[in-house]
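Start at 1 and go down the list; that is how both ligands and their atoms are numbered. Fair warning: this is a prediction, and the values are worked out from it, not measured in the lab.
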Amino acid sequence: MEIAVAGVGYVGLTTAVCLADIGHTVICVDIDKKKINSLKDGNSPIYEDGLGELLNKNKDRLSYTTEEKLAYQKADVIFVCTGTPSRSNGSANLDYVFNVINSIKKSSNKDKVVVIKSTVPVGTCDKVEKKLNDNSKHKFYVVSNPEFLSQGSAVKDMLLPSRIIVGTDDLYSTEIMKKLYEPLTKIPYCAPYLLVDRESAEMAKYAANNFLALKIAYINEVANLCEKTGADIKAVTKTMSYDKRIGDSFLKTGIGFGGSCFKKDTKAFDYLGKTNGCEMKTVKATIDANQKQNLILLDKVLSTVDNLNGKKVAVLGLSFKPKTDDLRDSVSIANVDVLLEYGAEVNVYDPLVLDGFKKLYGDRVSYYDTIDEAIKKCDFAMIMTEWDEIVSYDLNKYRKYMKKPIIYDGRNCYDLEDVKKAKIVYYSIGRRKIGKDKV
Ligand SMILES: NC(=O)c1ccc[n+]([C@@H]2O[C@H](COP(=O)([O-])OP(=O)(O)OC[C@H]3O[C@@H](n4cnc5c(N)ncnc54)[C@H](O)[C@@H]3O)[C@@H](O)[C@H]2O)c1
């Protein structure tokens with residue numbers, strides 16, 4: 001079976017590499033020449049743990065091209081993995097998906113299965129199928145196969161998925177998809193394989209992502225209330241996690257979610273509700289609560305720092321979460337924008353994305369590839385991303401290098417007892433403030 005993957009970003013490239021790893025031959029198609037050239041040279045254009053090794057291990061089964069027609073003609077199955085960013089009204093922009101569909105239609109030479117892996121609103125597969133089959137000599141079978149990987153553990157998530165969801169309404173593609181994924185359903189992977197109708201598969205992705213986003217927004221609100229009432233969110237979430245009905249994941253508190261998925265998927269779900277006359281009040285509440293939470297650390301700064309103008313600030317961690325080089329919709333961006341607006345001098349540190357950040361901010365901020373250098377002579381530091389390098393940083397060094405050791409920690413990286421011992425002034429989320437100093 002010849003497979004093509006259209007769009008080799010975080011999802012597409014991981015899909016291609018993992019399908020190759022379970023024995024398939026895959027041609028990767030992207031309109032971005034730089035990405036394809038980098039892949040042809042043997043280098044992954046994105047960072048994901050284990051991706052480089054798998055690219056190399058499976059190089060004989062992987063090929064790369066910008067020549068859409070040739071790739072789509074050769075393929076029996078085409079995975080569509082292009083982005084679906086937000087439009088200004090919150091709806092998912094499907095232009096990138098339909099650009100691929102138009103190219104597939106133009107290249108039509110035999111019957112094919114087209115698999116929509118991009119996150120798309122319910123009903124999109126129907127529209128895609130209609131578009132492909134209208135006045136076509138060949139038959140296109142359209143399948144919804146939403147992706148649940150998390151950036152930072154994408155390869156592991158794809159090879160050992162919590163579940164594979166396949167949404168299809170016909171026997172032909174049911175058989176093809178079963179064969180394609182069969183190795184992942186067997187030892188050692190043993191992934192649950194769930195066959196559902198297409199609409200339910202499309203809905204499953206939004207329903208899951210919105211539930212996780214809601215969990216984050218909820219626990220952050222509880223954290224804010226903990227601060228006001230003297231409770232400690234870490235103790236509270238620990239007690240909650242023993243309840244099997246709640247579980248222990250997505251109870252980490254902080255400055256809320258950023259990134260390319262939750263923000264756009266909450267907006268798109270809200271829009272889908274509105275346009276179907278079914279207001280999604282919890283989704284709307286998630287969006288609002290998270291927006292507020294994204295700037296909550298700055299609220300703490302502004303209520304404790306007399307004047308930001310001319311203050312030297314270290315911003316530690318820039319990517320939207322650890323172990324990824326993705327800056328899309330990162331919370332650090334919204335915070336740095338405000339710091340600059342108020343006239344602060346900003347030093348930034350990140351172990352992976354300094355170059356990407358440079359493309360956005362040029363010489364408006366100063367870039368450091370060690371925490372030691374970034375915090376030197378700073379008035380205070382703000383922690384945005386819980387990279388291991390930041391979590392394991394020797395707390396005494398804040399006192400050693402900074403003008404004043406004042407930390408605003410947006411990810412609750414440190415233990416309060418350790419902070420006390422290191423004599424640091426420390427503000428975190430949903431916990432007591434440590435130390436008395438003002439900036
Ligand atoms: N990133 C995640 O963690 C994640 C997880 C699950 C689902 N998703 C969903 O998967 C989809 C892709 O997300 P992503 O983060 O991988 O996006 P991405 O932006 O990293 O990758 C998209 C790729 O598509 C390419 N592209 C655009 N138009 C094209 C065309 N006409 N032909 C071929 N290639 C084209 C782009 O150049 C880019 O390389 C989105 O719908 C997203 O919501 C993402």
Side chain to side chain contact (heavy atoms under 4.5 Å, CB included) filter on E279, not counting sequence neighbours, yields K281

Those atoms of ligand 1 less than 4.0 Å from some heavy atom in [X]:
X: R328; result: 15 (O), 17 (O), 18 (P), 19 (O), 20 (O)
X: T84; result: 40 (C), 41 (O), 43 (O)
X: V100; result: 30 (C), 31 (N), 32 (N)
X: C261; result: 1 (N), 2 (C), 3 (O), 4 (C), 5 (C), 44 (C)
X: K35; result: 38 (C), 39 (O)

Where the closest heavy atom to [atom] is concerned, which of [options] has it?
atom: atom 27 (C) of ligand 1; options: T14, V97, I31; answer: I31
atom: atom 6 (C) of ligand 1; options: E147, K34, K321; answer: E147
atom: atom 23 (C) of ligand 1; options: D30, V11, N102; answer: D30
atom: atom 35 (C) of ligand 1; options: L13, N209, T82, T15; answer: T82

Could you tell me if the ring centre of F320 sits under 6.0 Å from that of F257?
no

Can you see whether D337 engages Y342 through a side-chain donor-acceptor pair at a distance of less than 3.5 angstrom?
no

Taking only distance into account, with no hydrogens and no angle test, what donor-acceptor pairs under 3.5 Å do side-chain atoms of residues 205-214 form with protein atoms, sequence neighbours excluded?
residue, atom, partner, partner atom, Å
K205, NZ, E147, O, 2.7
N209, ND2, D265, OD2, 2.8
N210, ND2, Y206, O, 2.9
N210, ND2, D265, O, 3.2

Fit a plane to each ring of F250 and F262, take the angle between them on a 0 to 90° scale, and name the class: parallel (under 30°), tilted (30 to 60°) or perpendicular (over 60°).
tilted

Relative to each other, are the rings of Y427 and Y408 parallel, tilted or perpendicular (30° and 60° limits)?
parallel

Which residue owns the protein heavy atom closest to [atom], what's the atom, and how far is it?
atom: atom 21 (O) of ligand 1; value: G9 CA, 3.2 Å
atom: atom 24 (O) of ligand 1; value: G7 CA, 3.3 Å
atom: atom 9 (C) of ligand 1; value: T119 OG1, 3.4 Å
atom: atom 1 (N) of ligand 1; value: Q151 OE1, 2.7 Å

Please identify which of these residues, K321, K252, K323, meets the salt bridge (charged side-chain N to carboxylate O under 4.0 Å, His left out) condition with E386.
K252

Can you find an N/O atom of K264 closer than 3.5 Å to an N/O atom of ligand 1?
yes

Would you say Y10 and ligand 1 have an N/O pair spaced under 3.5 Å apart?
yes

If you count heavy atoms of other groups shown closer than 6.0 angstrom to OH of Y218, is the number above 12?
no

Side chain or backbone of L149 under 4.0 Å from ligand 1, or both, or neither, by non-hydrogen atoms?
both

Checking contacts here: is it the side chain or the backbone of C81 that comes within 4.0 Å of ligand 1, counting heavy atoms only? Could be both or neither.
backbone

Using 4.0 Å as the upper bound for N to carboxylate O, is an ion pair formed by D326 and R328?
yes

Is any side-chain N of the basic residue among D49 and K156 closer than 4.0 Å to the acidic one's carboxylate O?
no

Worked check of salt bridge (Lys or Arg N to Asp or Glu O under 4.0 Å) between D170 and K139
CA-CA 12 Å; D170 68 84; K139 174 84 184 148; over 6 Å; no

